[in-house]
Asks: 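Take this structure first; my questions come after.
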Amino acid sequence: MQDAPRKPTADSLRFEANPGTRWSDLTQPATLDHRQTLICALQAVLPADCILEREEERRPYECDGLSSHTQLPMLVVLPRTEEQVRAVLTTCHALDVPVVARGAGTGLSGGAMPHASGVVLSLARLNGILKIDPEACTARVQPGVRNLAVSEAAAPFGLYYAPDPSSQIACSIGGNVAENSGGVHCLKYGLTVHNVLGIRGFTIMGELLELGGGALDSPGLDLLAVTIGSEGLLVVVTEATLKLVPKPELAQVVMASFDDTGKAGDAVAAIIAAGIIPAGLEMMDRKATVAVEPFVKAGYDLTAEAILLAESDGTPAEVAAEIADIERVLRASGATTIKVSQSEAERLRFWSGRKNAFPAAGRISPDYYCMDGTIPRKTLGRMLRAIGDMETRFGLRCMNVFHAGDGNLHPLILFDANAPGEMDRANEFGAEILELCVKLGGTITGEHGVGVEKINSMCVQFSTAERNAFFAVKSAFDETGLLNPGKAIPTLARCAEYGKLHVHQGQIPHPDLPRF
Amino acid sequence: MDTALHSMRERIVAAHHARTSLRIHGNRTKDFYGATIKGDPLDTRGHAGIVDYEPSELVLTARCGTSLEEIALTLAKHGQFLAFEPPAFSGNPTLGGIVAAGLSGPRRAQVGAVRDFVLGTRLLTAEGELLRFGGQVMKNVAGFDVSRLLCGSLGILGLISEVSIKVLPLPKQEVTLRLPMSATEALAAFNRWRGQPLPISAGSWFDGATTVRLSGAPAALAAAQVRIGGDPLADDDAATWWNSLRNQTHPFFGNRTSLWRLSVPATTPLMAIPGPLAAEWNGALRWHATELPAEEVRRLASAAGGTATQWRGAGEDGMFHPLSPTVLEIHRKLKERFDPRGIFNPGRLVTGL
């Protein structure tokens with residue numbers, strides 16, 4: 001099967017083969033002729049009702065969950081079959097048209113923001129659950145299937161799909177794969193990358209790609225791992241094989257109040273240090289509980305500076321033992337009050353505020369900007385103090401909810417887009433939080449993705465050589481650069497421009513290395 | 001940059017300029033794995049040591065030459081471990097080798113593989129640049145996940161110089177049960193148990209007996225033991241058993257001229273392959289000592305939705321299952337871009353790359 005040894009081609013191919021530059025301007029429109037040629041070509045491979053041409057049909061696709069970034073796409077297509085997806089890709093490839101794949105459009109980083117001269121490829125109609133295999137504990141699904149629908153279909157077998165992003169009612173599996181979505185249970189059960197066994201999809205050239213599958217490992221490089229979280233830049237997924245896990249017999253949650261956010265942060269570390277991996281470990285500061293309580297009536301202690309929610313799941317005996325351990329550690333860490341859910345209804349109520357933090361932010365403020373940095377847990381206190389200082393400096397409020405167990409922060413910066421200057425200040429506030437995340441040894445995005453939103457912050461986290469390595473991966477899958485251009489990885493030019501506006505403590509990454 | 005890293009970098013840059021091949025190695029516990037290749041040996045063991053370890057962060061960062069023994073001892077002091085149980089075989093592998101080989105032990109089906117635990121890496125490229133991917137945090141979606149791409153890469157993309165890896169607390173308690181049964185009965189039992197909330201952390205079938213390990217809270221273990229049945233092994237015997245599978249010191253692996261490792265969907269029924277059989281990973285990993293022609297073994301594995309590695313006795317086609325043309329083309333392009341002059345372990349993972 002494998003070819004004889006082959007001499008590598010010209011060195012110039014290497015990292016300079018940068019597919020990021022050509023289509024990086026998302027607003028550059030196509031010519032009318034080009035659009036008409038594309039429509040004709042697509043009409044030959046798709047039924048008429050799969051092509052949305054009129055502006056009012058295309059308008060709903062102008063943004064995803066990041067509604068501050070909009071762009072009307074040249075065209076929207078809604079194929080029904082895998083063969084139609086392939087045909088769209090080969091057609092766009094032949095005519096040199098960018099393709100932006102889209103799931104449910106719930107993404108928060110603008111990963112599915114359209115391209116003015118491109119096609120939005122909606123996978124919403126590929127929404128079949130192809131097979132639930134209760135013996136293998138797997139589900140084979142199409143990309144348009146909603147995250148929660150997988151767990152619902154698996155429930156009769158006592159199984160569920162573990163990753164549970166807050167948008168799980170609406171978000172689709174294809175989008176989860178593209179973003180490597182997390183949720184509140186990933187400390188114990190992992191992210192999307194840990195729960196997807198295989199994918200089937202197509203390259204921009206329409207070549208079928210099957211990675212992973214029902215077996216636990218595959219030969220060669222782990223291309224499955226690199227495609228998960230690749231934000232639609234490498235492959236369009238048409239099918240995924242998901243791991244299902246047995247539903248625990250019981251889950252209970254402990255809610256603890258703290259009079260100091262630093263103490264709450266230390267309590268998180270103490271739980272982990274005690275050898276406990278809770279099913280979920282979340283934190284909300286007082287600004288967050290005060291905002292959500294009137295909305296959900298969860299019974300949060302509004303006098304507490306921070307509350308922690310720690311969930312335990314397993315057999316009743318196991319849960320009882322773990323809850324006792326958690327309670328003991330929380331008390332020793334200075335918790336002022338501790339409540340344990342006594343029923344499933346109460347457990348869900350305790351969680352309701354956490355799961356509704358984003359809508360609650362929308363209720364108390366005309367606009368909010370949700371951040372997604374991750375930091376080492378031990379730096380939580382430092383980060384919270386810094387955010388407090390930034391609130392004063394930027395003159396904006398910020399409520400904080402965290403996936404504390406894995407150090408993933410979701411500060412919600414509250415602002416009013418109609419008030420002059422507030423949006424810019426919110427953006428600067430956000431960028432400063434992200435830079436601090438990098439400085440503390442963390443990352444600019446834990447689970448929402450880079451998309452268009454955090455593309456400038458990528459210049460802070462990665463050196464030119466590292467970004468070139470990302471482009472090398474990109475071009476190995478997509479030499480044309482047509483799949484979701486202008487997202488996730490900033491070009492050198494873009495970083496240079498950002499750098500002019502923004503000096504990062506006068507430092508470049510790896511100052512000890514010579515630069516070429 | 002420390003001296004050892006600096007000198008490895010000089011070697012790499014020189015090799016890149018002279019277009020000569022390098023064969024990266026640590027403690028050479030896995031020399032048998034992948035194709036036998038030519039190249040000047042590049043020893044990574046000088047670049048060793050744990051850089052950062054904070055038990056409450058569940059992350060350990062160490063240089064590539066750090067030995068498994070040192071890591072395991074350090075973690076054990078804080079009641080933690082590498083949950084994917086990398087095989088040591090008959091030696092003391094380095095962290096770089098563990099990640100580059102991507103092999104995982106008996107706990108694989110329950111907790112995941114090496115790639116599921118790697119959070120960040122530093123990669124020394126052909127041009128001598130030190131790149132950092134991922135980091136020390138659990139959740140990180142900034143940029144492509146190159147760190148996981150390096151797991152199992154057998155060094156063909158560059159030298160993995162440092163790794164941040166997720167660690168876990170040791171289970172509160174473990175018990176190993178043995179149940180005599182046939183291979184068919186064992187596969188059926190694994191299928192029955194898989195969908196239940198049982199704390200099974202390893203399941204094997206060797207020599208007419210299923211051996212199952214339970215890990216977790218004492219209460220959960222007691223309940224599971226009642227449901228599964230079988231006889232508990234003494235703690236020492238249990239440790240010996242799982243180590244013998246993890247490190248392949250079990251007699252099943254000894255003195256075989258031909259041995260196949262089949263990674264198949266766990267529910268695959270007993271396969272029509274003559275010769276001795278053993279199973280791990282609750283049925284998802286099958287060892288077949290067979291003289292059946294290679295093409296036939298590979299065909300059967302493919303038909304079952306899996307792949308076959310010729311662990312011992314591989315011929316000219318190499319030990320690994322062939323890649324599909326599209327996947328192979330992506331490999332070729334990745335190699336061209338990361339290592340344009342083909343200096344790193346050429347041919348070890350994929351013929352010609």
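The model shown is predicted, which means the values in this text are computed figures rather than measured ones. Chain A is the first sequence line, chain B the second, and so forth, proteins listed ahead of strands; every chain is numbered from 1.
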Asks: Please report the shortest heavy-atom distance between A/Asp217 and B/Ser263, naming the atom on each side.
Replies: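 The answer is OD1-OG, 2.7 Å.
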Asks: Look at the side chain of B/Glu57 and the backbone N and O of A/Arg377, then say whether any donor-acceptor pair between them is shorter than 3.5 Å.
Replies: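 Looks like yes, one N/O pair under 3.5 Å.
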Asks: Using the side chain to side chain contact (heavy atoms under 4.5 Å, CB included) criterion, which residues pair with B/Asn282? Sequence neighbours excluded.
Replies: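 Partners of B/Asn282 by the side chain to side chain contact (heavy atoms under 4.5 Å, CB included) criterion, ordered by chain and then number, come out as B/Ala109, B/Phe190, B/Arg194, B/Ile200.
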Asks: Which bit of B/Val264 comes within less than 4.5 Å of chain A, counting heavy atoms only: side chain, backbone, both or neither?
Replies: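 The answer is the backbone of B/Val264.
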Asks: Of the backbone (N, CA, C, O) and the side chain (C-beta and beyond), which part of B/Leu170 lies under 4.5 Å from a heavy atom of chain A, both, or neither?
Replies: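 B/Leu170 has no heavy atom closer than 4.5 Å to chain A.
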Asks: Please look at A/His403 and chain B and tell me whether the side chain, the backbone, both or neither of the residue comes under 4.5 angstrom of a heavy atom of that chain.
Replies: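 For A/His403, the contact with chain B is made by the side chain alone.
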Asks: Non-hydrogen atoms of chain A under 4.5 Å away: do they reach the side chain of B/Thr309, the backbone, both or neither?
Replies: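 Contact with chain A: none, neither part.
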Asks: So what's closer than 4.5 Å to chain B heavy atoms on A/Thr445: side chain, backbone, both or neither?
Replies: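 For A/Thr445, the contact with chain B is made by backbone and side chain together.
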Asks: With a 4.5 angstrom heavy-atom cut-off, is it the side chain or the backbone of A/Asp325 that approaches chain B, or both, or neither?
Replies: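 Just the side chain, heavy atoms under 4.5 Å.
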Asks: What part of A/Leu211 gets within 4.5 angstrom of chain B, counting heavy atoms only: side chain, backbone, both, or neither?
Replies: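 Contact with chain B: side chain only.
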Asks: Which bit of A/Leu208 is near chain B, if near means a heavy-atom gap under 4.5 Å: side chain, backbone, both or neither?
Replies: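 For A/Leu208, the contact with chain B is made by the backbone alone.
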Asks: Indicate yes or no for a side-chain donor-acceptor contact from B/Thr267 to the backbone of A/Ala136 under 3.5 Å, with no hydrogens or angles considered.
Replies: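 Absent.
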Asks: A side-chain contact here means heavy atoms from C-beta on lying under 4.5 Å apart; do A/Phe470 and B/Val146 qualify?
Replies: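 Yes, their side chains come closer than 4.5 Å.
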Asks: Please list all pairs passing the side-chain hydrogen bond (donor to acceptor under 3.5 Å, both in side chains) test where one or both residues lie in residues 110-119 of chain B, with sequence neighbours left out.
Replies: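 Matches after skipping sequence neighbours: A/Asp222-B/Arg115.
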Asks: Using non-hydrogen atoms only, which part of A/Leu233 is less than 4.5 Å away from chain B: side chain, backbone, both, or neither?
Replies: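 Side chain only.
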Asks: Could you look at A/Leu216 and say if it's the side chain, the backbone, both or neither that has a heavy atom under 4.5 Å from chain B?
Replies: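 Contact with chain B: backbone and side chain both.
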